[in-house]
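After the structure tokens below, expect a handful of questions from me.
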Amino acid sequence: MADVRRFLYINRKAPYGTIYALESLEVVLIGAAFEQDVSLAFLDDGVFQLAKGQDTSGIGMKGFSAIYRALGDYGVTKLYVETDSLATRGLTLDDLQAITFEDENDGYTEKPSIIPVNKAEMAKVMAEQDVVLSF
Amino acid sequence: MADVRRFLYINRKAPYGTIYALESLEVVLIGAAFEQDVSLAFLDDGVFQLAKGQDTSGIGMKGFSAIYRALGDYGVTKLYVETDSLATRGLTLDDLQAITFEDENDGYTEKPSIIPVNKAEMAKVMAEQDVVLSF
Amino acid sequence: MKFSILVNEGPYTHQSSDSALQFARAVLDKGHEIYRVFFYHDGVNNGTRLTVPPVDDRNLQKRWSELAAAHALDLVVCIAAAQRRGVLDEGEAKRHGKGEGAANIAPGFRISGLGQLIEMGIQSDRLVVFGD
Amino acid sequence: MKFSILVNEGPYTHQSSDSALQFARAVLDKGHEIYRVFFYHDGVNNGTRLTVPPVDDRNLQKRWSELAAAHALDLVVCIAAAQRRGVLDEGEAKRHGKGEGAANIAPGFRISGLGQLIEMGIQSDRLVVFGD
Amino acid sequence: MLHIVNKSPFQTSTLQSCLDHALAGDAILLIEDGVYAAIRGSAVAAAVTEAKGKVTFHALGPDIAARGIAPEKLIDGVTSVDYGGFVDLVAEHQTNQAWL
Amino acid sequence: MLHIVNKSPFQTSTLQSCLDHALAGDAILLIEDGVYAAIRGSAVAAAVTEAKGKVTFHALGPDIAARGIAPEKLIDGVTSVDYGGFVDLVAEHQTNQAWL
């Protein structure tokens with residue numbers, strides 16, 4: 001574990017309008033196998049990725065919002081969500097789907113993966129990384 | 001000439017960052033052969049397409065700003081430029097290259113192709129068209 | 001009414017191609033005619049037969065090809081944009097020495113010039129643009 | 001110093017590929033090493049040998065292939081993104097029944113998995129992303 | 001004139017530019033990421049509400065549903081249409097303009 | 001941290017978001033259409049000038065020249081760099097972030 005790096009995936013784009021959100025998620029899933037210190041940042045339109053109740057049946061595209069709920073099983077448990085971005089978009093944390101993980105260091109207690117942060121806190125999260133990937 | 005339509009090409013994107021400006025121009029050049037009533041609208045970042053002094057030698061891409069000056073030879077003589085868009089971007093009409101055409105209905109007098117309009121006038125230009133193409 | 005559709009973006013990356021396809025189906029459902037669908041910019045990438053999307057995902061090229069077959073649609077890929085991006089029919093592939101079997105244009109699509117775009121603007125009652 | 005580069009957009013449509021190429025050259029000029037260039041999203045379209053840009057324009061695929069040949073660069077095209085967009089090597093073309101000669105991956109590029117992207121994040125001193 | 005907007009108003013200035021150029025009586029159709037402009041209580045909701053006096057607003061229902069925007073989150077007076085309604089809007093207006 | 005911005009500040013909110021998240025001492029490099037933020041007297045010039053107290057601004061010279069922005073049109077204190085300077089900026093900062 002000498003080479004554990006802090007990876008941050010930046011999500012600033014809405015889902016479906018473009019493929020970046022989905023293909024970013026595909027990197028996160030593959031990356032989970034590499035045992036790095038992984039965080040996801042959702043800010044600006046990226047917060048829309050986590051909106052609950054997504055139903056893509058009418059647009060002929062595959063929905064992928066369920067994948068976010070599976071991230072915990074891959075050991076991806078830190079999803080930083082910027083509350084300022086939510087507010088700008090008329091959303092609150094209640095408009096997001098619940099995403100949890102079972103904490104293996106705490107008797108597999110179910111805990112929330114979403115970590116609400118304000119802009120200043122998000123800036124600090126960004127500053128603490130080794131590798132920042134944006135798509 | 002029963003079927004002359006008013007075609008408007010909307011240019012809202014900057015050159016070089018994306019290919020839309022160049023490929024839009026390629027449509028205009030081909031379209032000129034069809035003897036329609038052609039206008040070009042430059043607003044928002046589209047006004048940057050007409051900036052003078054463009055030198056692409058450092059970015060490894062072909063410059064194409066000279067093509068705008070050749071539009072008159074193709075009979076494309078109405079280039080509406082939104083002055084509000086220029087002002088927002090710190091530009092004036094003096095920052096644009098001169099684009100002219102020889103008016104065959106007026107003894108081939110050289111006349112400016114650039115028609116400065118404000119937002120309200122641009123809105124009217126848009127409203128008067130049959131076919132609006134945006135890229 | 002005679003509709004035409006311009007698709008400016010490739011499959012999957014932007015929703016444009018999906019939206020255009022859904023719109024085209026609705027146009028036909030409403031009893032209108034589709035004069036032509038023109039693919040420009042990255043839109044030409046809708047016409048490559050080489051895509052292999054995940055099995056549980058839609059295959060946009062096939063959807064376009066099937067819609068074209070079912071309704072005799074004219075799907076035109078811009079030749080200049082297609083050359084820039086590597087979508088070629090047999091004639092193009094041969095002319096540019098890309099080797100036997102290299103042509104990648106999909107069934108139901110044809111490659112032609114930008115004049116076809118202007119023409120559809122002249123001939124159609126309505127032209128709708130889908131892009132980025 | 002060990003650099004890696006991620007290219008998220010295809011050639012010509014966005015400046016990303018041009019910028020990444022100029023940056024790669026400058027990295028080498030400065031005496032640094034390039035560990036890998038990874039092509040993701042539409043970036044995979046940089047790796048098709050079928051492009052035929054206008055004669056007076058740059059050929060981005062060739063520029064990448066030549067840079068790779070001159071400096072033994074590792075140019076990796078993401079397999080999942082490439083399948084979605086129709087960029088295949090011989091093995092892929094055969095596996096998916098695309099016919100003899102259909103492989104369109106360009107010289108100097110290889111197709112591999114997303115793990116190569118993560119690995120370059122781990123192994124490089126610096127990773128720079130070019131996209132839209 | 002029918003204006004078609006497919007961009008998020010939080011990411012780009014496209015909707016604002018469209019609003020600045022729409023004439024009284026025009027219609028605006030929000031599609032793809034453009035439907036985010038129809039969310040009640042957002043930073044752009046006031047601009048949309050104000051423009052309602054001048055233009056009519058429509059938003060593509062399938063795109064709204066895909067993005068998880070509940071019907072009760074829509075700004076009053078924004079009409080939801082399906083793809084057939086999209087076709088009708090295009091047919092009803094002699095010209096349309098995509099704000100790309 | 002080195003922030004890399006490649007979008008026009010008039011078209012997208014990307015530069016603003018970057019400015020909102022940059023920490024004191026960070027560097028911002030404008031490339032591609034991002035260089036338009038460096039034009040003196042524009043609607044975003046005040047935001048750039050104000051941020052200069054906190055972060056340093058660099059802009060890619062070849063992209064500035066390509067777009068026809070004369071050197072005297074640049075906001076004071078925005079440093080023009082070539083691709084080599086771009087490499088140096090990346091090397092000097094342990095982390096960089098592309099604002100796509």
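Below, read A as the first sequence line, B as the second, and so on, with proteins coming before strands; counting in each chain starts at 1.
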Side chain, backbone, both or neither of A:L8 within contact of chain F (heavy atoms, under 4.5 Å):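 Neither part.
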Taking side chain as everything from C-beta outward and backbone as N, CA, C, O, which of these in F:L100 sits under 4.5 Å from a heavy atom of chain A? Side chain, backbone, both or neither.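 Both the backbone and the side chain of F:L100 come within 4.5 Å of chain A.
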Report the donor-acceptor contacts between chain F and chain A below 3.5 Å as a table, one pair per row.
from: F:S17; atom 1: OG; to: A:D44; atom 2: OD1; distance (Å): 3.3
from: F:S17; atom 1: OG; to: A:D44; atom 2: OD2; distance (Å): 2.6
from: F:D20; atom 1: OD2; to: A:K119; atom 2: NZ; distance (Å): 2.9
from: F:H21; atom 1: NE2; to: A:E82; atom 2: OE1; distance (Å): 2.5
from: F:T95; atom 1: OG1; to: A:Q129; atom 2: O; distance (Å): 3.0
from: F:A98; atom 1: O; to: A:S134; atom 2: OG; distance (Å): 2.7
from: F:L100; atom 1: O; to: A:R12; atom 2: NH1; distance (Å): 2.6

